[in-house]
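Okay, so here's the structure we're looking at.
Residues take their numbers from the sequence shown, with the count starting at 1. Atoms within each ligand, like the ligands themselves, are counted from 1 in listed order. What you see below is based on every heavy atom in this structure, not just the backbone, and it leaves out hydrogens, waters and symmetry mates.
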Amino acid sequence: MVKLTGYKKVKTAVFISGTGSNLRSLIKFSKIKNSPISINLIISNNPDAKGLNLGKINKIKKKVFNFKKKLKIENQILSCLKKHEIKLICLAGFMKILSKNFIVKFKGKILNIHPSLLPKYKGLNTHQRALDNNEKYSGCTVHFVNSKLDSGKIILQKKVKISKNETKVSLSKKVLVQEHKLYPKAILKVFNL
Ligand code: GAR
């Protein structure tokens with residue numbers, strides 16, 4: 001569990017690679033009086049990530065790191081997180097795999113949202129794989145990050161029914177709507193709220 005110290009919100013960094021709709025929902029959540037977190041930093045591996053615009057609109061500092069030399073870059077990110085006194089990391093559509101070295105430095109303080117009912121469909125292309133397997137349900141999961149891909153302790157999940165004529169596009173939209181509700185709920189749970 002992440003502990004709240006006094007009444008101060010816990011400084012949080014959100015890592016993104018693309019659209020940033022989960023980032024948007026987390027920013028909205030962070031502004032609620034009773035939210036345990038504030039979003040103080042947005043980190044991306046992708047300079048063209050649409051979600052970076054949310055930094056400008058909401059006056060949140062953003063940083064882009066080129067992941068070609070991963071270990072070196074991760075050390076730079078760690079310094080940046082320290083500088084900004086970040087105590088919690090939320091991965092939100094971040095499509096790079098963080099190294100064990102990085103994860104142990106933030107043990108128990110990195111959360112991720114994944115568009116499937118883990119442990120089913122770890123990794124990429126989750127919606128198509130669920131459809132190909134004729135699943136009746138899919139959904140999303142918020143979990144702690146450990147050094148194995150999409151395998152850390154599950155915090156919360158939300159099930160979504162797959163309709164008859166579902167496509168991967170319609171399913172991803174349906175799941176995304178639930179993701180936006182699930183991530184804030186999972187954060188409240190992590191803080192015992
Ligand atoms: C979300 O569906 C998220 O669960 C998924 O990427 C999408 C990002 O959307 N994440 C992963 O697949 C991680 N393996 P967003 O940029 O609009 O939040």
All heavy atoms of S35 vs all of F29, minimum pair found to be CB-O, 3.0 Å

Pairing of R129 and E135 as salt bridge, 4.0 angstrom limit: no

Mind jotting down which protein residues get a heavy-atom contact under 4.0 Å with ligand 1? Chain and number order, please. T19, G20, S21, N22, G93, M95, I113, H114, P115, L176, E179

Is the centre of the F94 ring less than 6.0 Å from the centre of the F67 ring? yes

Under the salt bridge (charged side-chain N to carboxylate O under 4.0 Å, His left out) rule, collect the residues that match up with K174, sequence neighbours excluded. E166

Kindly list each side-chain donor-acceptor pair under 3.5 angstrom involving residues 57-65, sequence neighbours excluded, with atom names and distances?
unit_1 : atom_1 : unit_2 : atom_2 : d
N58    : OD1    : K31    : NZ     : 2.7
N58    : ND2    : L54    : O      : 2.9

Hits for side-chain hydrogen bond (donor to acceptor under 3.5 Å, both in side chains) against S25, two or more places apart or cross-chain, chain-then-number order -> none

